[in-house]
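Computation of the quantities below employed the complete heavy-atom set of this structure, encompassing side-chain atoms and omitting hydrogens, waters and symmetry-equivalent molecules. Every chain is numbered from 1, with letters handed out A, B, ... down the list of sequences.
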Number of protein chains: 2
Amino acid sequence: MDIPQPIISTVDIVLLLIKDERLCVTLSKRDKDPYENQEALPGGYIHAEEDRDCLDAAVRILRQKTGLLPPYLEQLKTFTGAARDPRGWSISVAYFALVDADLILSSANPGLTICPVDALRRLPFDHNEIIAAAVDRIRNKSQYSSLPCYLAGETFSLPRLQKIYEACLGEALHKVSFRRKMDELGVLEAVPGQTESAGAHRPAQMYRLKSEFKNQLKLLVRGL
Amino acid sequence: MDIPQPIISTVDIVLLLIKDERLCVTLSKRDKDPYENQEALPGGYIHAEEDRDCLDAAVRILRQKTGLLPPYLEQLKTFTGAARDPRGWSISVAYFALVDADLILSSANPGLTICPVDALRRLPFDHNEIIAAAVDRIRNKSQYSSLPCYLAGETFSLPRLQKIYEACLGEALHKVSFRRKMDELGVLEAVPGQTESAGAHRPAQMYRLKSEFKNQLKLLVRGL
DNA sequence: AGAATAGTGTCTGTGAGACATTATAAA
DNA sequence: TTTATAATGTCTCACAGACACTATTCT
C-alpha cells in the first residue's frame, strides 16, 4: 500500500452581505505567507486535533477572523489541485455564509474589508473563482427560497427585502409577484405596530422571520 | 507557523444508472483494509504526483475500477471529519457520475455490483450519506434540466426517457407535459426512420441528443 | 395640499394538467 | 379485427406579470 503524499488541507469562507444595496464579500488581510498582507477570503488550516469536521473548522475560523457566527452557513464546493497554491497540492473546502451587514459593520473588525462582488480586483489563489461559485449559488437559491432573508437582519420592510433579493439576483423584480411569493413562502410575520419611515411618504410595515424558520430554508414550488 | 497534522485525502464516486426502471448505484468490492472485501463506493487516494486536481483523480479512479469514462461527471460534496474513517481524520471529495446501464452491464466488470438506491444495506464509512446526497442532487436537477438524458444511452424513445425521469424523481409524470418540456428543452432530435417496437401496439420514435448538447446540460425556465 | 412610496384589487396571457382522439404495429 | 401503447389536439384552471387605484406619512 502506497503512502500518499501530504496534501495541504484548508477551509475558506465566502461571507456575503448587502451593503448599499449591493452584494458584497468579506475579505481578510492575510497574516502569513503566501500572499502576506494581501486581501483574501478568510480561511485557514484544518486542525485535525481540534475540529470535528470541516464545518467545525469553518465556524472556528469565522470566529477567529470576524468574531461572529452567521445565521446561515453551508458547504459551497471544494477546490483542489497542484496549481492553486504556491505551497503545492492543496484542498480547500469552501463554505458559503450569509450575514446581516450591520453585524459586521458594527463589530468594526480592523482586518476586514467589504467589497462588492462585481468590483473585485484579482485575488490570491483561486479566490475569485470561489467567490464566483458563491455568487452562482446565491443567485440560484434566491430564485426559489427564503435564503436572502438571512441577509436582512432581525426586522426589515418588504421593500428592503425586495431590494436584497434584487441585489442577490442581479435583476429587478415585479412588486406584486414578489409580495405574493413572500406570502406563499409563509416564513415572515408582521411585527405589530412597527413601521419604518423613509421620507415623505407612507411608512413600511416591518417584518421578521417566524421563529420556526430562523434556522430553516423554505422553498417555493415555482420560483419567483 | 504550526505544521498541520496529516489528513487522509480521498475521492469517492457515486456512479448512477437505471436498471429495471430503478435508479441504481455502482458498488465496488474493496481490495484493501479498512473494510476489505466489502462493497463500497469506488474510491481511492488522491495521487498528488499524478493527478492535477480531484476531477482528474476521479477520472483515473473510474477508469481503474470500472473501465469507463461516464458522459456526465461533476463534484457532489465533500465529506470530512475524525469519525467517518477508522484510519483517522479524513477528507473525501465525492463525485457524481451518470452512465447508460448498458455500458456497465456489457463491460461485465467482476468487482462491480449494481444496487437500487432505495434498497441499500449499511455501507462502510459514511457512504450511505454520500449516496443520499447524490440522490438528492439528481432529484433536484431532474426537475429542471436535461440531466437524466445521460442515463439513456445513444438512442432512446420518449416513453423510455420518461420512465428514466420518473425513476430519477421518484414520481409519475404527466405524459403531455413531459413531452412539451422535452420539446421546450430542445436538446433532442428524432432519428429518421428509427423506431422501437415493444409489443402489440404502435412503435415509438427513437431520439438522440443533438450533438451540440452531448456535453452540456440544458435548463428549463420553469421545471417539469 | 403635494409628493412620494407602501400596499392592494383586478385583468389578461401563458402554461400545466386533464381529457379525448387519432395513429400504428403486433397478435 | 382486436389490443395496447404512441402521439397529438383541445379544454380549463391556476398563476405570473401588467396596470390601476387606494393608503399614509412627511414636507
Side-chain angles (χ1 to χ4, degrees), chain A residues 20-21 142-146 148-149 152 155-167 169-208 218-224, chain B residues 20-21 142-146 148-149 152 155-167 169-208 218-224:
Chain A
D20 302 329
E21 300 187 358
S142 296
Q143 282 170 1
Y144 59 86
S145 81
S146 57
C149 296
T155 67
F156 45 86
S157 66
L158 283 181
R160 185 166 114 76
L161 187 61
Q162 183 173 346
K163 287 270 193 293
I164 290 172
Y165 266 85
E166 287 171 342
L169 292 166
E171 62 179 5
L173 293 174
H174 182 73
K175 182 173 64 165
V176 180
S177 299
F178 176 75
R179 282 157 181 266
R180 263 197 300 242
K181 285 299 184 178
M182 286 302 113
D183 186 51
E184 184 188 323
L185 266 176
V187 300
L188 302 183
E189 62 185 2
V191 185
Q194 196 176 333
T195 58
E196 179 187 57
S197 290
H201 55 82
R202 176 173 175 177
Q205 173 66 49
M206 298 298 277
Y207 290 82
R208 63 178 166 230
K218 192 79 189 292
L219 308 184
L220 288 164
V221 179
R222 268 179 281 275
L224 288 176
Chain B
D20 303 329
E21 300 188 358
S142 296
Q143 282 170 2
Y144 59 86
S145 82
S146 57
C149 296
T155 68
F156 45 85
S157 66
L158 284 181
R160 186 166 113 76
L161 187 62
Q162 184 174 346
K163 287 269 194 291
I164 290 172
Y165 266 84
E166 289 171 341
L169 292 166
E171 63 180 4
L173 294 173
H174 182 73
K175 182 172 64 166
V176 179
S177 299
F178 177 75
R179 281 157 183 265
R180 263 197 299 243
K181 285 299 184 179
M182 286 303 113
D183 186 52
E184 184 188 323
L185 265 176
V187 300
L188 301 183
E189 63 185 2
V191 185
Q194 196 176 333
T195 58
E196 178 187 57
S197 290
H201 56 83
R202 176 172 175 178
Q205 174 66 50
M206 297 298 277
Y207 291 82
R208 63 178 165 229
K218 192 78 189 295
L219 307 184
L220 287 164
V221 180
R222 267 179 280 276
L224 288 177

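Heavy-atom nearest nucleotides on DNA chain D were determined for A:Gly199 and for B:Tyr207, and the one closer to the 5' end corresponds to B:Tyr207. Two residues, A:Leu158 and A:His201, neighbour DNA chain C, and the one matched to the more 5' nucleotide by heavy-atom proximity is A:His201. Two residues, B:Ala198 and A:Lys181, neighbour DNA chain D, and the one matched to the more 5' nucleotide by heavy-atom proximity is B:Ala198.
A straight line from CE of B:Met206 to C1' of D:dT5 spans 16 Å, rounded to a whole angstrom. Between the P atom of D:dA7 and the CG atom of B:Leu161 lies a distance of 12 Å, rounded to the nearest Å. When the C1' atom of C:dA6 is taken as reference, atom CD of A:Glu196 falls 11 Å away, rounded to whole Å. Atom pair B:Arg202:CZ and C:dA25:P shows a separation of 8 Å (rounding to whole Å applied). Per the geometry, CG belonging to A:Asp183 stands 14 Å off C1' belonging to D:dC15, to the nearest Å. Rounded to a whole Å, the CZ atom of A:Phe156 is 15 Å from the P atom of C:dA6. Between the CZ atom of B:Arg160 and the C1' atom of D:dT5 there is a distance of 17 Å, rounded to whole Å. Regarding B:Gln205, its CD atom lies at a distance of 19 Å from the P atom of D:dT5, rounded to whole Å.
Taking each heavy atom of B:Met206 and B:Thr155 in turn, the nearest pair found is CE-OG1, 3.5 Å.
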Intermediate values then yes/no, side chain to side chain contact (heavy atoms under 4.5 Å, CB included), A:Leu169 and A:Gln143
CA-CA 7 Å; A:Leu169 292 166; A:Gln143 282 170 1; 3.6 Å; yes
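Within the structure, a side-chain polar atom (N or O) of A:Ser177 is placed less than 4.0 Å from OP1 or OP2 of D:dG17. For D:dA7, one of the phosphate oxygens OP1 or OP2 lies less than 4.0 angstrom from a side-chain nitrogen or oxygen of B:Arg179.
Of all nucleotides listed (D:dA16, C:dA27, C:dA23), C:dA27 comes nearest to the side chain of B:Ala200. Checking C:dA3, C:dT8, C:dA18 against every side-chain atom of A:Val176, the shortest atom distance belongs to C:dT8. Set against C:dG7, C:dA23, D:dA16, the side chain of A:Ala204 has C:dG7 as its closest nucleotide. Closest to the side chain of B:Ser197, out of D:dA6, C:dA26, C:dA3, is C:dA26. Taking the side chain of A:Pro159 as heavy atoms from C-beta on, and the options C:dA6, D:dA18, C:dG17, the nearest nucleotide is C:dA6.
A distance-only check finds no donor-acceptor pair linking the side chain of B:Glu171 to the backbone of B:Glu166 [under 3.5 Å]. Looking at A:Arg208, its side chain never comes within 3.5 Å of a backbone N or O of A:Val191 through a donor-acceptor pair. For A:Gln162 (side chain) and A:Leu173 (main-chain N/O), a donor-acceptor pair under 3.5 Å exists by modelled atom type.
For B:Lys175 against D:dA7, a side-chain N or O and a base N or O form a donor-acceptor pair under 3.5 Å. For B:Arg180 against C:dG17, a side-chain N or O and a base N or O form a donor-acceptor pair under 3.5 Å.
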